[in-house]
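Data first, discussion second: the structure below is written as structure tokens.
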Amino acid sequence: MEARVSQPELVLVFSGKRKSGKDYVTALIQDRLGPEVCCVLRLSGPLKQQYAQEHSLDLDQLLGPGLYKEQYRADMIRWGETRRRQDPGFFCRLATKGARQPVWVVSDARRLTDLQWFWSEFPRQTQSVRVQSSEETRKQRGWSFTAGVDDAESECGLDSGVEFDWIITNEAAAPSLDEQLQPILKLAEEAASSPLSDS
């Protein structure tokens, strides 16, 4: 087997605050494009898997939305930062391993180093997407400020200094998600149907 990941035609790297709706939006895109065309990659998946392994924890509960994950979140963030300092692409490489679809949707970039890894590995294909929601809306979805989490780099690392290719506003008052996602879906469909480039 080849060690190199297959070349995607398009990589959509999503970021956004907790409870902004990143998972909802990325699942919607996969649903529209179909799983044979589009895969959703989570950088937090391999992070949690590795963390659970090293700390003898329940991976299923760490991957879920419940309180179990929340009690380990701050320590998991610190642990992840240490791994990233040693090797900035560590979790990105694990997440993309085995991905074969033409369109990759990365649902949870949190730091500039995440984006930089995709920009350097897939410069032609990578597009950055920011999902945003007001604090009020996020609170309605169950968010409340947690010191050591919401003021850490994992939540604030992409708040400034990045010119996103796309910004999706996930609010009741905003244009519908279907409307906002239309140009991104069109781009993805074109990328998926294009013959593999020689470059």
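Note that the coordinates shown come from a computational prediction; the quantities given were computed from them, not determined experimentally. These numbers come from the heavy atoms of this one structure, side chains and all, not from hydrogens, waters or symmetry mates.
Pairs passing the salt bridge (Lys or Arg N to Asp or Glu O under 4.0 Å) check and including a residue from residues 47-56, sequence neighbours excluded, read E54-R83.
The cluster map of Ile, Leu, Val, Met, Phe, Trp and Tyr, joined by side-chain heavy atoms under 4.5 Å apart, puts L94 and L62 in the same cluster. Criterion: ILVMFWY side-chain heavy atoms under 4.5 Å apart, direct or through other members. Under it, F90 and W117 are not part of a common hydrophobic cluster. Linking ILVMFWY side-chain heavy atoms closer than 4.5 Å, directly or via other members, places L47 and F14 in two distinct hydrophobic clusters. The hydrophobic cluster containing V25 does not contain V162, counting ILVMFWY residues as joined when their side-chain heavy atoms lie under 4.5 angstrom apart, directly or transitively. Both Y68 and W79 are assigned to one and the same hydrophobic cluster, defined by single-linkage of ILVMFWY side chains at heavy-atom distances under 4.5 Å.
Note that CZ of R110 is 8.5 Å distant from CZ of R84, once rounded to the nearest 0.5 Å. Here the NE2 atom belonging to H55 is positioned 5.5 Å from the CG atom belonging to D75, to the nearest 0.5 angstrom. Separation of atoms CD (E135) and NZ (K19) is listed at 15.0 Å; rounding is to 0.5 Å. We find the CD-CD distance between Q53 and Q49 to be 6.5 Å, quoted to the nearest 0.5 Å. To the nearest 0.5 Å, atom CG of residue L10 and atom CD of residue E189 are 11.0 Å apart. Interatomic distance, OG of S44 versus CD1 of I77, reported as 11.0 Å (0.5 Å rounding).
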Requested in this report: Give the intermediate values and the outcome of side chain to side chain donor-acceptor pair (under 3.5 Å) for residues S20 and Q132.
Outcome: CA-CA 6 Å; S20 61; Q132 56 188 23; over 6 Å; no

Requested in this report: Applying side-chain contact (heavy atoms from CB on, under 4.5 Å), run through D114 and C92 and close with a yes or a no.
Outcome: CA-CA 7 Å; D114 295 338; C92 297; 4.1 Å; yes

Report task. Verify side-chain contact (heavy atoms from CB on, under 4.5 Å) between C38 and Q101, making sure each step is shown before the conclusion. Result -> CA-CA 6 Å; C38 170; Q101 291 91 329; 5.7 Å; no

Report task. For the pair W104 and F122, evaluate ring-ring contact (aromatic ring centres under 6.0 Å, His included) and give the outcome as yes or no after the intermediate values. Result -> CA-CA 11 Å; W104 296 0; F122 308 104; 5.2 Å; yes

Query raised in the report: Can you list the steps and then say if L33 with I29 is a side-chain contact (heavy atoms from CB on, under 4.5 Å)?
Result: CA-CA 6 Å; L33 296 172; I29 289 173; 3.7 Å; yes

Query raised in the report: Are E121 and F118 close enough, and set up right, to give a side-chain contact (heavy atoms from CB on, under 4.5 Å), and what steps lead you there?
Result: CA-CA 5 Å; E121 291 293 313; F118 284 99; 5.8 Å; no

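Between G21 and V131, the shortest heavy-atom distance links the atoms C-CG1, 4.2 Å. Scanning both residues, G45 and L63, for their nearest heavy atoms gives CA-CD2, 4.2 Å. Nearest heavy-atom pair across D151 and A147 is OD1-C, 3.7 Å. Scanning both residues, D23 and S107, for their nearest heavy atoms gives OD1-OG, 3.8 Å.
Ion pair K17/E155 not flagged as a salt bridge, since none of the NZ, NE, NH1 or NH2 atoms sits closer than 4.0 Å to an Asp/Glu carboxylate oxygen. Under 4.0 Å is where a charged nitrogen must lie from a carboxylate oxygen, and between E81 and R78 no such pair does. Using a cutoff of 4.0 Å between basic side-chain nitrogens and carboxylate oxygens, D150 and R18 are scored as salt-bridged.
Y24 OH: 12 or fewer foreign heavy atoms inside a 6.0 Å radius.
Side-chain contact between D108 and T26: absent, with no pair of heavy atoms (C-beta onward) separated by less than 4.5 Å. Side-chain atoms of T169 and Q180, non-hydrogen and from C-beta on, do get closer than 4.5 Å to each other. Put simply, the side chain of V129 does not reach to within 4.5 Å of the side chain of V13, judged on heavy atoms. Side-chain contact between N170 and R141 is present, with heavy atoms from C-beta onward closer than 4.5 Å. At a threshold of 4.5 Å between non-hydrogen side-chain atoms, the residues L187 and W166 count as touching. Counting heavy atoms from C-beta on, the side chains of Y51 and L59 never come closer than 4.5 Å. When side chains are defined from C-beta on, L28 counts as touching L177, because their heavy atoms get closer than 4.5 Å. In this structure the side chain of L158 reaches within 4.5 angstrom of the side chain of F164, judged on heavy atoms.
Paired with R32 under the rule side-chain contact (heavy atoms from CB on, under 4.5 Å), one option of L181, D178, V37 passes, and it is D178.
In this structure a side-chain-to-backbone donor-acceptor pair under 3.5 Å is present from S128 to D165. Between the side chain of T146 and the backbone N or O of V149 there is no donor-acceptor pair closer than 3.5 Å. With hydrogens and angles ignored, the 3.5 Å screen pairs no side-chain donor or acceptor of E9 with any backbone N or O of P102.
Residues meeting the side-chain hydrogen bond (donor to acceptor under 3.5 Å, both in side chains) test with R130, sequence neighbours left out: S15, D159.
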